[in-house]
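What follows is a set of notes on a single structure, which appears directly below.
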Amino acid sequence: METEPQFFETNAAPTVVGQPMNRVDGWAKVTGHAKYSAEYNQLPGLVHAVLVTSPVAKGRVQRIESSAAQKQPGVLAIFTHENLPKLAKTPDAPADKAALNSPMGFMPMTSDQVHYAGQTVAVVVADTLERAQYAASLVKVIIAPEAPVSSYQDPKAQLYVPKSVKGMPGVTKRGDAQAAVQKAPMQLAATYTHATIHHNYMEPGATTAHWEAADRLTIYETTQGVSETQKTVSLMLGLATEQVRVITKYLGGGFGSKAWVWPHTVYAALIAKAVGRPVKLVLTRPQNFTSMGHREEQQQTLRLGATKEGKLLGIVYDKTATTSPWDDYAETNSRIIGMLYHLPAYEATYRLAKSNVMTSTATRAPGDMPGSFAIECSMDDLAAQLGLDPIQLRLLNYADIDSSTGHPWSSKSLKECYARGAELIGWNKRNPKAGATREGKLLVGMGMATGSYPVHNSQGNARVRLYADGRAVVQAGATDLGTGTYTIITQVAADSLGIPPENVRFELGDTVLPSTQWSGGSTAAGRVSSSVYLAVQEVWQKLIKLAVMDKKSPLYGAKSADVAAEKGRLQLKANPGKGEAFGEVMKRASLGDIEGSALGRYGSNYEAPQTTANADPNKKENAAEHSMHAFGAHFCEVHVDPELGTIRISKWVSVIGAGRILNPKTARSQVIGGSTMGIGAALMEQTVRDPHLARYTNASLADYHVPVNADIPEMTVEFIDEHDPYVNAMGVKGIGEISIVGVTAAVANAVFHATGRRLRDLPMTPNKVLAALREPA
Ligand code: MOS
């Protein structure tokens, strides 16, 4: 591992990449100047749309009484399945669903079908929000109800093994795992259950749709991907891609829920056309629980076999989950279980039950987050049974290559994460015996778990315009979920251009900008930074060409390959004294600005090594021959109150190896956010669905508990200095999702250490803690 790769020797000093620079959008946010998708209120004639939703989870709409609502002042229109303008494509047809890249699979209000409670059955449009809300309250929808299936636990549920879930086979087999487990001297089996969880970002789903001309639609949208939204909406409306413009300048969180186009966005666009006015549609908090997906409730059974020493011989894994009536969606938990440790034999099976719920969707580290709970609690149990230290057991099973592909890792710093995390939390003071540490009446425990998140392939464009006066505009149609994209890309552009960050303006969140894929799967930081870095290299190449052909340049006649750009100066590599500032070259050429653009690639489609920021001349293999993951470890200390059953996190340490860290301040915030969200899942977050009516009973932030400041201690976050020449031109792995993987297990392992009781049903609410403490240890 190198301390500082050789990237910036040709560029400006002081460098800002790797520095904890403050957010460039911080001022705009705290002063209210940052405009979110529901804040484009100056649009001429803006009107408001309000949803009417079904209280019934299954049935058919028989009749809608809307005449009273229709007569209210300010009401412009009421849409139901009877008069909703027709769509060119809907995701109901499997072929169209694939083309639309949509998780919807079902478009409410295109028929009388009701598949889930909270489904939209009518939309009311009025000149003010209050008038629309009042009129919506007067709409009566008469539905012929049928008995719903509420979840995989419903006695009516019919379990099936899907062909595939999100591209992974319904059944995976590697070696003979059943036999390996059966013959193993050490055998463990356990079942883990997880409640439904909602993303509950601060900013609800919102769309403002504005037809600027009969064939030109602009949508201000809460989305993680403007290009993907443009594509899906244009297909559904029967427009050409460029006829739809999508703008997302700021997002108040996304977590996977905003990674897709959901029905309300399409309604807003359709209705704006029908009423001839710009339409704003904002989901209420309860509506957000049934409109933009969730993390599905699920059950995992993990059987493992190991040697007497604790080496894994095989794992047989089963996941059962609730899915929607039209989808085979499930989180792909099997991935992490098959690759986290050296594992000779593995079998994994998914079982789903079509139930009357909205389809579930990507939620921060989909699959890896819940999967890590099963594997990391099981490893902890195995360590306890063998009398081994949990870290020692993990080192014994350390995966030097990826067991699931046989490929070497592009980089892996997990051993360093374990060692540093143990040091920071004071692991050596931990009493190896569970249930043996007390502070007054409180039981004290310390636990840890491994985290990992894959590098998903993605690619996208960026453009850089450098002005002769040393200022630059950098553009990519990326989105900033609130996590720091504006800031890190400004840093990368500043350093590679050799100008201060104040001279860079980074524009994102608009389909008129160079297209790049969504901010999802932790891909944006690596992909966008790489494309911007490469675009800057094109700027330099153009300038060098100009200089060597310009008789007035000191570089005249030199070979382009012999010239380098350093701190905004073009100079001979062999004789740096010979050269000139880039502005001189541009002035003589009468060029006010010069542009470069590039395609940045992230993951195994990146053809490393190249002559790029992160090139390593000693590595000759192609990126595709590597398995790429970020790794990390979470450590925590808990205090359990045996009388109240409450669990308080008293210490938290996360150590992550995720390639180059562009900004340790925004990166640290990401890890704090992910760990906090994981602690929520461990201790309190759950959406409860009534087993008879299949309707959520706590769809509000008063009843759905997320962690607050008082629930979270001071958190220690560190990053291992990791050099990865394969992942992309900047050597960046994402951190948004690895930050949550392993968190629930770290908490459960600490609770086990405190109490000697294993809690396998999330969230670990006080009633479950008290029940466990009543059981014999
Ligand atoms: Mo993420 S769950 O890919 O936004």
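Counting convention: from 1, in listed order, for ligands and their atoms alike. These numbers were taken from a predicted model, which means no experiment stands behind them.
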Residue pairs meeting salt bridge (charged side-chain N to carboxylate O under 4.0 Å, His left out), one or both in residues 349-361, sequence neighbours left out, come to Asp318-Arg351, Asp328-Lys354
What does the contact table look like for ligand 1 (nitrogen or oxygen on each side, cut-off under 3.5 Å)?
unit_1: ligand 1; atom_1: 3 (O); unit_2: Gly521; atom_2: N; d: 2.6
unit_1: ligand 1; atom_1: 3 (O); unit_2: Glu737; atom_2: OE2; d: 3.4
unit_1: ligand 1; atom_1: 4 (O); unit_2: Gln224; atom_2: NE2; d: 2.7
unit_1: ligand 1; atom_1: 4 (O); unit_2: Gly256; atom_2: N; d: 3.0

Sorted by chain and number, sequence neighbours left out, ring-ring contact (aromatic ring centres under 6.0 Å, His included) with Tyr40 holds for Tyr220
Using the salt bridge (charged side-chain N to carboxylate O under 4.0 Å, His left out) rule, collect all pairs that involve residues 513-532, keeping only residues at least two apart or in two chains. none
Show the numbers, then the answer: is there a side-chain hydrogen bond (donor to acceptor under 3.5 Å, both in side chains) between Glu297 and Tyr152? CA-CA 8 Å; Glu297 70 263 31; Tyr152 72 86; over 6 Å; no
Assign the ring pair Tyr704 / Phe289 to parallel, tilted or perpendicular, where the plane angle (0 to 90°) is split at 30° and 60°. perpendicular
For the pair Thr223 (side chain) and Val226 (backbone), establish whether a donor and an acceptor sit closer than 3.5 Å, ignoring hydrogens and angles. no
